[in-house]
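Report on the structure given below.
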Amino acid sequence: MKITIISVGKIKEKFYRDAILEYQKRLGKYCKLEIIEVPDEKTPDGASEIIEEQIKQKEGKRILEKIKENAFVCTLEIGGKRLSSETFARWMEDLAINGTSHIIFIIGGSLGLHDSVRKCSNLALSFSDMTFPHQLMRVILVEQLYRAYRIIQGAPYHK
């Protein structure tokens, strides 16, 4: 299985980068993981809704350029479907069994995702009603991917 994470912005904090690298290393035995960072747009303080929409549109265009055909696209959104870790693992396993060989997870910038990106999504997934920094969300996602593979394997990591 190939898994691609398309994320807006760079990870600046070393502790986030270290955590992501650790899970990337662990995931290497289960899947081919690719992380694509697209540039974020600077949001001026007190930006109007029109400016914010333009920013999301620019970031969305960059995201859409990176999406490959025939991939299953999963956007991370506060209003998306919530799954337990076990259900997430079963969902990943079912996709693989049914012939999906490439999953793309998309993490938007600080303003969220543009509608054009949401429209190409096969599944909107939410990890919580809470808002997380998009840098931290990348760490959470790679950890949950690792957890899913460990659950699929019946390994003790999950307990």
Side-chain angles (χ1 to χ4, degrees), residues 1-11 13-38 40 56 59-159:
M1 173 80 69
K2 179 176 181 181
I3 295 177
T4 302
I5 298 172
I6 302 173
S7 185
V8 174
K10 291 196 176 293
I11 300 287
E13 295 83 358
K14 183 181 181 321
F15 58 92
Y16 287 147
R17 284 195 315 268
D18 289 347
I20 291 165
L21 285 172
E22 176 61 28
Y23 285 110
Q24 265 185 298
K25 184 174 77 174
R26 292 181 186 192
L27 281 163
K29 65 170 85 167
Y30 302 110
C31 66
K32 181 177 184 229
L33 178 65
E34 173 186 33
I35 297 177
I36 299 172
E37 295 176 331
V38 297
D40 57 348
K56 288 195 298 186
E59 291 174 347
K61 184 173 187 250
R62 292 176 189 143
I63 291 168
L64 292 171
E65 289 170 354
K66 303 295 182 184
I67 295 175
K68 304 287 189 235
E69 283 189 40
N70 300 324
F72 187 97
V73 177
C74 180
T75 49
L76 274 55
E77 304 178 40
I78 290 174
K81 184 175 185 175
R82 283 194 259 166
L83 304 173
S84 68
S85 294
E86 295 87 352
T87 305
F88 181 66
R90 281 193 302 274
W91 170 77
M92 297 249 321
E93 188 175 32
D94 287 348
L95 280 178
I97 289 168
N98 291 313
T100 298
S101 60
H102 188 188
I103 304 172
I104 297 175
F105 291 93
I106 300 175
I107 302 171
S110 59
L111 298 176
L113 293 169
H114 189 260
D115 284 343
S116 61
V117 177
R118 283 194 191 102
K119 286 178 184 166
C120 77
S121 177
N122 299 103
L123 174 69
L125 186 62
S126 174
F127 280 59
S128 173
D129 286 336
M130 295 180 180
T131 302
F132 297 107
H134 54 282
Q135 299 92 338
L136 178 58
M137 194 62 236
R138 202 179 314 176
V139 176
I140 294 169
L141 175 59
V142 293
E143 190 281 334
Q144 284 298 301
L145 289 168
Y146 177 69
R147 182 178 297 273
Y149 279 109
R150 298 299 287 172
I151 290 168
I152 292 166
Q153 295 294 314
Y157 175 82
H158 177 59
K159 298 294 180 204

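The pair E13-R17 does not count as a salt bridge, with every side-chain nitrogen at least 4.0 angstrom from each carboxylate oxygen. By the 4.0 Å N-to-carboxylate-O rule, R138 lies close enough to E37 to be salt-bridged with it. Between E86 and R90, no side-chain nitrogen of the basic residue sits less than 4.0 Å from a carboxylate oxygen of the acidic one, so the salt-bridge criterion is not met.
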Discussion item. Please determine whether side chain to side chain contact (heavy atoms under 4.5 Å, CB included) holds for the pair I104 and K66, giving the CA-CA distance in whole Å, both sets of side-chain angles, and the decisive distance to 0.1 Å.
Written reply: CA-CA 10 Å; I104 297 175; K66 303 295 182 184; over 6 Å; no

Worksheet item: Does the side chain to side chain contact (heavy atoms under 4.5 Å, CB included) test come out yes or no for C120 and I67, once each step is laid out?
Response: CA-CA 9 Å; C120 77; I67 295 175; 3.5 Å; yes

Fill in: Steps toward side chain to side chain contact (heavy atoms under 4.5 Å, CB included) verdict (I35, Q24)
CA-CA 9 Å; I35 297 177; Q24 265 185 298; 3.9 Å; yes

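I5 CD1 to F105 CZ: the interatomic distance, rounded to the nearest 0.5 Å, is 7.5 Å. For the atom pair CZ (R147) and OH (Y23), the distance works out to 7.5 Å, reported to the nearest 0.5 Å. Interatomic distance, CD of Q153 versus OH of Y30, reported as 5.5 Å (0.5 Å rounding). Atom-to-atom distance recorded for S7:OG and I20:CD1 is 8.0 Å, nearest 0.5 angstrom. With values rounded to the nearest 0.5 angstrom, I140 atom CD1 is found 9.0 Å from I107 atom CD1. Taking CG of D40 as the reference point, atom NZ of K10 lies at 9.5 Å (rounded to 0.5 Å).
Taking 4.5 Å as the limit, some side-chain heavy atom of H102 sits within range of a side-chain heavy atom of K68. At a threshold of 4.5 Å between non-hydrogen side-chain atoms, the residues L113 and I63 count as touching. Two residues are said to be in side-chain contact when any heavy atoms from C-beta on lie closer than 4.5 Å; Y146 and L33 fail this criterion. For the pair F127 and L141, the minimum side-chain heavy-atom distance is below 4.5 Å.
A pairwise comparison of heavy atoms in F88 and L145 identifies CZ-CD2, 3.9 Å as the closest pair. The heavy-atom pair separating T100 from M1 by the smallest distance is O-CE, 3.4 Å. What you find for L123 and W91 is that their closest heavy atoms are CD2-CZ2, 3.6 Å. Residues K56 and L111 approach most closely at CD-O, 3.3 Å, considering heavy atoms. Residues I151 and S85 approach most closely at CD1-O, 3.7 Å, considering heavy atoms. A89 and I152 get closest at one heavy-atom pair: O-CD1, 3.5 Å.
Pairs of residues two or more places apart, or lying in two chains, that qualify as side-chain hydrogen bond (donor to acceptor under 3.5 Å, both in side chains) and include a residue from residues 124-136 are R82-D129. Within the structure, side-chain hydrogen bond (donor to acceptor under 3.5 Å, both in side chains) pairs that include any residue of residues 111-125 comprise E53-H114, T75-S121, E77-R118, H114-S116, D115-R118 (at least two apart or interchain).
Residue K2 qualifies as enclosed at atom NZ: its count of foreign heavy atoms under 6.0 Å is above 12.
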